[in-house]
K.L.:
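Here it is, the structure in full.
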Amino acid sequence: MDTKKLKVNGKRLQATLEEMARIGATSGGGVHRLALSDEDKNARDLFLRWLREIHLEIIIDEMGNIFGKRTGKNEQSPPVLSGSHIDSQPKGGRFDGILGVMGALEALRTLHENRLETQRPVMIVDWTNEEGTRFSPAMMGSGAWAGKLDRDLAYGRTDIHGKKFGEELQRIGYRGEHPARRWPIHAYYELHIEQGPILEKEGKIIGVPQGIVGIYWFDIYVEGKANQVGPTPMGGRNDALCAAAEMILKVNELPDRMGGNIVATVGEIHNFPNSRNIIPGRVHYTVDIRSWDDELAIQAWEDLQKDFGRIAERRGCPVRSEKTWSVGHTAFDERLAKRVRKTAEELGYSIHPMVSGAGHDAVYLNQVAPTAMIFVPSMGGRSHVEVENSRWEDCEAGANVLLQCLLQSASEV
Ligand SMILES: [Zn+2]
């Protein structure tokens with residue numbers, strides 16, 4: 001059989017995604033399927049049923065990562081792996097994560113019904129708690145598996161109700177026996193929605209990310225002087241919120257000023273005491289800077305600190321900055337990325353080279369195995385919201401690229 005002609009079943013992929021979207025469905029058309037919730041459990045149960053239907057060998061590890069293995073002619077050689085995550089953001093979308101898992105499932109179903117035997121085993125995976133919303137940090141399952149995050153540290157993380165990750169994993173019945181420790185992987189592919197507007201704007205079907213941008217997180221603390229708003233004249237106030245407001249605008253103007261490919265965002269702010277008749281005495285806010293160019297990101301941060309210092313001095317509100325977390329840009333395996341591009345072109349899909357502005361499980365996989373991603377367009381560039389949407393034919397296109405990439409990697413001796 002000419003495996004190059006093999007295609008996934010787009011209608012089946014759509015039906016599968018629609019069935020999954022019913023688990024945790026929200027009134028606004030999205031899904032609410034937080035990690036280790038009852039919805040996550042129900043989605044996992046259904047996923048397992050589908051894995052059994054095509055006779056995959058199931059492995060559940062101590063982190064609750066679910067693997068399904070399809071045997072190859074050469075059982076001893078490292079497998080080709082593909083997947084993503086089943087969990088969602090609170091009131092999130094129907095495509096983020098789940099497309100990568102169901103796309104890989106569709107590829108495996110296609111191999112199964114064609115009774116195709118590959119050289120290497122092909123595996124599918126659902127990584128636990130990618131979103132990091134209920135339990136931080138994000139990408140916990142893949143991080144622990146890749147040896148970059150301690151298992152017991154993960155078990156001890158609590159949600160806002162004080163429930164522990166380890167106990168919730170146990171409660172939903174997915175605390176597996178298998179050690180969450182990486183084994184050799186020949187290649188890892190992750191199909192995912194773009195979560196941005198670029199592919200749609202360019203009118204392209206398949207995005208080929210060369211990697212993921214560097215991400216830099218900071219926490220900023222501004223000290224002012226709290227006082228009664230009425231009796232205190234405007235002159236001589238030390239209003240921490242006004243100082244923060246000026247600083248935040250500097251963050252927003254920064255990318256334009258740097259003239260490069262960089263984004264900077266203040267997404268979280270805490271004002272104290274947050275009362276309408278008290279001059280704000282203290283403000284804490286966060287800064288997120290992302291760029292493929294790590295030098296540029298670091299330069300931007302240094303420039304920002306100078307601006308912050310000037311504003312703080314003028315307003316008499318001392319500022320303190322902490323670097324909370326950072327990860328330099330991640331370049332994917334060039335050979336695999338080229339394969340994604342070439343495969344998409346051979347299938348007749350338009351392609352667009354790009355970088356990913358969001359983190360994915362592929363970040364951790366990339367540190368331990370050759371890794372590449374396949375992006376499909378997000379309608380309106382919206383993601384992590386209920387209206388998140390992608391065209392079914394684009395999902396099908398992405399799954400076809402994935403299928404062919406898996407076949408090529410699995411045939412390598
Ligand atoms: Zn995702």
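Below, each value reflects all heavy atoms present in this structure, side chains not excepted, and no hydrogens, waters or symmetry copies. Worth saying up front: this structure is predicted, and the values here are computed from it rather than measured. Order of appearance sets the numbers: ligands from 1, and atoms from 1 within every ligand. Residues take their numbers from the sequence shown, with the count starting at 1.
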K.L.:
Name the orientation class of the two ring planes belonging to F308 and W301 (parallel below 30°, tilted from 30 to 60°, perpendicular beyond 60°).
P.N.:
perpendicular

K.L.:
Return the set of residues passing ring pair (Phe, Tyr, Trp, His ring centres under 6.0 Å) with F95 (not counting sequence neighbours), or none when no residue passes.
P.N.:
W392

K.L.:
Measure distances from the Zn ion (ligand 1) and count the protein N, O or S atoms below 2.8 Å.
P.N.:
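Total protein N/O/S atoms under 2.8 Å from the Zn ion (ligand 1): 3.
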
K.L.:
Looking at W127 versus H85, is the centre-to-centre ring distance below 6.0 Å?
P.N.:
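Aromatic pair excluded; centres sit 6.0 Å or further apart.
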
K.L.:
Measure the acute angle between the ring planes of W145 and F67, then classify it against the limits of 30° and 60° as parallel, tilted or perpendicular.
P.N.:
tilted

K.L.:
Under 30°, 30 to 60°, or over 60°: which ring-plane class applies to F165 and Y155, parallel, tilted or perpendicular?
P.N.:
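F165 vs Y155 ring planes: parallel.
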
K.L.:
I'd like to know if R151 pairs up with E62 as an ion pair, taking the criterion as any Lys NZ or Arg NE/NH1/NH2 lying under 4.0 Å from an Asp or Glu carboxylate oxygen.
P.N.:
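Yes, this pair counts.
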
